[in-house]
Amino acid sequence: MNISIYDKYGGYKTLHVVVSLFYKKIMESENLIHYFENVDLARLIEHQTKFLTTSLGGPVMYETKLLKSAHANLKIPLKDFMEVATLLKEALVESKVEEQDIDKIIEVVASYKNDIVTA
Ligand code: HEM
């Protein structure tokens with residue numbers, strides 16, 4: 001049987017824990033924190049969890065075309081995108097996600113690079 005990454009690791013609850021760890025790491029980065037200073041973190045964690053749920057074979061909960069407008073005014077350079085992707089990878093490794101699944105998740109996220117990198 002072909003189980004989705006979403007179901008394999010326990011669905012929304014697990015993903016929410018991983019995403020919370022991911023943002024904890026982002027908030028610890030002196031380079032990234034300024035982007036998030038006026039952002040409602042609980043809401044962002046929820047939206048990111050819904051985005052990943054949608055992208056990893058779970059129920060459709062997020063309209064991925066919103067990613068472009070959400071980042072449009074943030075002037076994000078490639079370097080900061082790469083740092084965020086690295087922190088996501090770290091959060092996945094620490095959450096014991098298997099390497100081949102991490103590669104797939106990073107591939108999905110990287111496919112949105114042109115919607116996010118605007119500087
Ligand atoms: C690596 C791939 C990324 C993904 C998949 C992603 C995903 C998301 C999602 C789903 C949201 C919620 C949008 C909404 O409310 O509909 C969001 C918001 C946001 N993202 Fe990203 N993001 C990524 C990279 C980045 C990077 C590199 C930065 C900054 C360095 C960043 C900064 C932000 C900020 C500040 C918001 C809040 C915008 C607001 O509510 O006004 N994101 N992101």
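We count ligands from 1, going down the list as the structure has it; atoms in each ligand are counted the same way.
- The proximity of Asp40 to ligand 1, defined as any non-hydrogen pair under 4.0 Å, does not occur for either the backbone or the side chain.
- Remark: distances from the non-hydrogen atoms of Arg43 to ligand 1 include one below 4.0 Å.
- Looking at Met82, Lys79, His71 and measuring to atom 20 (N) of ligand 1, the nearest heavy atom belongs to His71.
- The closest donor-acceptor contact from the side chain of Ser95 to the backbone of Val18 lies at 3.5 Å or more, if one exists at all.
- Ion pairing between Lys79 and Glu83 fails under the 4.0 Å rule for side-chain N and carboxylate O.
- Remark: Glu28 pairs with Lys24 by the salt bridge (Lys or Arg N to Asp or Glu O under 4.0 Å) rule, at least two apart or across chains.
- Around the CE atom of Met82, the shell of radius 6.0 Å holds no more than 12 heavy atoms that belong to other residues, nucleotides or ligands.
- For the residues Phe51, Tyr62, Phe36, Tyr112, the heavy atom positioned nearest atom 16 (O) of ligand 1 is part of Tyr62.
- Contact annotation for Leu88 and ligand 1: no heavy atom of the residue comes within less than 4.0 Å of the ligand.
- Nearest to atom 29 (C) of ligand 1 among the protein's heavy atoms is Ile76 CD1, 3.5 Å.
- Nearest-heavy-atom check against atom 12 (C) of ligand 1 across Glu63, His47, Lys68 picks out His47.
- The shortest contact between atom 2 (C) of ligand 1 and any protein heavy atom is with Val109 CG1, 3.3 Å.
- Per-residue contacts place Leu74 under 4.0 angstrom from the following atoms of ligand 1 (heavy atoms of the residue considered): 32 (C), 33 (C), 34 (C), 35 (C).
- A donor and an acceptor atom, one from each side chain of Gln48 and Tyr23, are located under 3.5 Å apart.
- Protein heavy atoms all stay at least 4.0 Å away from atom 41 (O) of ligand 1.
- Looking only at distances, a side-chain donor or acceptor of Thr54 sits under 3.5 Å from a matching main-chain atom of Tyr62.
- Under a 4.0 Å N-O distance rule, the pair Glu94/Lys25 qualifies as a salt bridge.
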